[in-house]
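Start at 1 and go down the list; that is how both ligands and their atoms are numbered.
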Amino acid sequence: MTNMLDTTKKNIVIAGAGFGGITAALLLNKAFRHQQALRNQYNLLVVNNHHSHLYTPALYEIAAIPQGHHALDYVKSSIAVPLAEIFNRTHVQWLENQIIAIDRATKTLRFDNGKSISYEYLILALGAETSYFNIPGAREYSFPLKTFADGVKLRDRVQEIIESAEPVATVVVAGAGASGVEVAAEFENFCSKMRKLNPAKAICKIKVILVEAGPQILAGFDTWVVDKAIKRLRCIGVEIKTGVAITAVENTRVILKDGSVIPASALVWAGGVQAAGVLKTLGLPLSPKGSVTVDQFLRAEPKVYAVGDNAGFMNLETQKPLPWNAVAAEEEAHVASANIIADILGSSPRPYNPPKKYPFILAVGRKYAIADLVFAHISGLPAWLLKQLIELKYFFFILPPLQALSTWWKYITVARSND
Ligand SMILES: Cc1cc2nc3c(=O)[nH]c(=O)nc-3n(C[C@H](O)[C@H](O)[C@H](O)COP(=O)(O)OP(=O)(O)OC[C@H]3O[C@@H](n4cnc5c(N)ncnc54)[C@H](O)[C@@H]3O)c2cc1C
């Protein structure tokens, strides 16, 4: 954590240490390493509301790992990487602070502890937060899946249900986007692992119902992926209800628009996200999902850039906003950081040319995944292994080699514990 910033220098501030923020910080660090002039003029600062960086694509596993199998700290260290490790021996300084407002007139970020910091350049990389669409009871009675703590709370509740005296209980997953599908598929695993761990004990059978308001699951994915996922979900016993919105949630019931009621022992909320609420304080044009409108250089205004879930970037070729995923966030971070350096050096900025679609690997229960690699489709164990290799590659990018390997190996041992 940063003790003291050099006040004789201006600040390049990266707000948020997720996929976009970490990538931008490490790329700017590279430029700082090679150019003394940059180091002389600027501090490079990351502000994040947590002292670690969460690898969200693996969060679904955490929600299905039996308690006590590994110490919680061990599980946490397999997917939450301390910023101190990432930025050790770099020119990046970091602060653990909640940003509550961004004042463009004075070019300052205000924190919840009353302090503030000024910026010369700013990259907005604050990600997204869970959206409950004002559905009565949804926030109060559901389990979101956005943070490590969310994953653990959900795991604890599901384990409590599995160990209850009930013969069958229902878990409803609201929202059949990628994270809804991944977590719904994982509970079957969880039950059978619990059965293996306590063969003498009667355990509750969990019935998982995936509820989606849209006409199909995995909106925006290729038909091949959707068909494969439906087949796989049915095969592992997940019931799919599409075209039916949730209108209200009570303690033990989920009420649907068609008037039907599902008694539910737990509701997982994967129903939607919106960009970080603090972006509203900018006073800049926002998209319907709350991201900041940016130009082709990812600029919201001179010297202010937005990446990842914060960038309201319109793909001119498809005439659609870009999907929110880790790959897009990383690619945009490359462009935004290069454009900051270009602006400082007085050279031309480079536009972001997004691909027509991004590769994506969807884990669908046990060690089975469905991969749309854009140039090819694969499924099953090879796709799951590829997902793990991509995670390893990412850890190599953000950490020194030994730490990367050790973090990844921890994750593999954790992921194997619900086999
Ligand atoms: C459960 C789950 C599974 C996912 N699986 C995949 C997947 O398999 N593949 C994929 O490509 N994408 C996946 N995604 C989406 C992916 O995580 C996001 O699109 C990506 O993280 C966006 O990157 P980002 O840098 O914009 O934001 P994030 O990575 O979300 O980072 C934002 C950072 O800002 C911090 N922050 C937020 N508000 C404040 C504040 N006010 N003050 C200070 N700090 C703040 C947050 O704590 C966080 O560290 C998944 C998302 C979830 C929730």
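- Numbered from 1 in the order shown, with element, the atoms of ligand 1 that lie under 4.0 Å from a heavy atom of W324 read 19 (O).
- Side-chain atoms of S77 and K410 include a donor-acceptor pair closer than 3.5 Å.
- Contact analysis puts A17 in contact with ligand 1, with a non-hydrogen atom separation below 4.0 angstrom.
- The side-chain contact (heavy atoms from CB on, under 4.5 Å) with L279 is formed by just one residue from the set L284, L126, D309, I99; it is L126.
- Taking the six-membered ring for Trp and thresholds of 30 and 60 degrees, F397 and H334 have nearly parallel ring planes, at less than 30 degrees apart.
- Interface of N325 with ligand 1, defined as ligand atoms under 4.0 Å from a residue heavy atom, comprises 10 (C), 11 (O), 12 (N), 19 (O).
- With hydrogens left out, the protein atom closest to atom 37 (C) of ligand 1 is L126 O, 3.1 Å, a heavy atom.
- Atom 25 (O) of ligand 1 has G20 N, 2.8 Å as its closest protein atom, hydrogens excluded (heavy atom only).
- Using a 4.0 angstrom heavy-atom cutoff, H53 does not count as in contact with ligand 1.
- Annotation: cation-pi geometry not satisfied between R157 and F143 (NZ/CZ under 6.0 angstrom from ring centroid, within 45° of ring axis).
- Donor-acceptor pairing under 3.5 Å is lacking for the side chains of Y132 and S142.
- For ligand 1, the atoms closer than 4.0 angstrom to any heavy atom of Q98 are 40 (C), 41 (N), 42 (N).
- Atom numbering of ligand 1 starts at 1 in the shown order; those under 4.0 Å from a heavy atom of G16 are 33 (C), 34 (O).
- In this structure, F360 is part of the shell of residues with a heavy atom less than 4.0 angstrom from ligand 1.
- The closest protein non-hydrogen atom to atom 47 (O) of ligand 1 is N49 OD1, 2.6 Å.
- In terms of polar-atom proximity, N48 is counted as a contact of ligand 1, with an N or O under 3.5 Å from an N or O of the ligand.
- Summary of contacts: the protein heavy atom closest to atom 52 (C) of ligand 1 is T56 CB, 3.9 Å.
- In terms of polar-atom proximity, D309 is counted as a contact of ligand 1, with an N or O under 3.5 Å from an N or O of the ligand.
- No cation-pi contact links K9 to Y42, judged by a cut-off of 6.0 Å to the six-membered ring centre and 45° from its axis.
- Looking at N97 against ligand 1, only its backbone comes within 4.0 Å, counting heavy atoms.
- Not a single heavy atom of H50 sits under 4.0 Å from any atom of ligand 1.
- The neighbour count for K357 NZ, taken as heavy atoms of other residues, nucleotides or ligands under 6.0 Å away, is above 12.
- Applying the 4.0 Å criterion to heavy atoms of G308 picks out, from ligand 1, the atoms 26 (O).
- When the heavy atoms of A276, A311, A326 are ranked by distance to atom 12 (N) of ligand 1, first place goes to A326.
- Nearest protein heavy-atom contact of atom 5 (N) of ligand 1 is P57 CA, 3.5 Å.
- For N339 and Y305, the side-chain atoms include no donor-acceptor pair closer than 3.5 Å.
- Near K387, with a cut-off below 4.0 Å to any heavy atom, the atoms of ligand 1 are 8 (O).
- Atom 27 (O) of ligand 1 has G127 CA, 3.2 Å as its closest protein atom, hydrogens excluded (heavy atom only).
- The ligand atoms of ligand 1 that sit less than 4.0 angstrom from a heavy atom of A329 are 23 (O).
- Around CZ of R110, the count of heavy atoms belonging to other residues, nucleotides or ligands within 6.0 Å does not exceed 12.
- Take E331 and apply the salt bridge (Lys or Arg N to Asp or Glu O under 4.0 Å) test, not counting sequence neighbours, and it matches no residue.
- Listed by chain and residue number, H53, Y55, Y394 satisfy the ring-ring contact (aromatic ring centres under 6.0 Å, His included) test with F19 (two or more places apart in sequence, or in another chain).
- K153 NZ: 12 or fewer foreign heavy atoms inside a 6.0 Å radius.
- Scanning I99, L362, I361 for the heavy atom closest to atom 41 (N) of ligand 1 points to I99.
- The local environment of CG in N113 is crowded, with over 12 non-hydrogen atoms from other residues, nucleotides or ligands closer than 6.0 Å.
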What do the steps show when you test I62 against R155 for side-chain contact (heavy atoms from CB on, under 4.5 Å), and what is the final call? CA-CA 7 Å; I62 305 303; R155 184 277 304 267; 5.8 Å; no
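- Nearest protein neighbour of atom 28 (P) of ligand 1, counting heavy atoms only, is G18 CA, 3.8 Å.
- Considering only non-hydrogen protein atoms, atom 53 (C) of ligand 1 sits nearest to L145 O, 3.6 Å.
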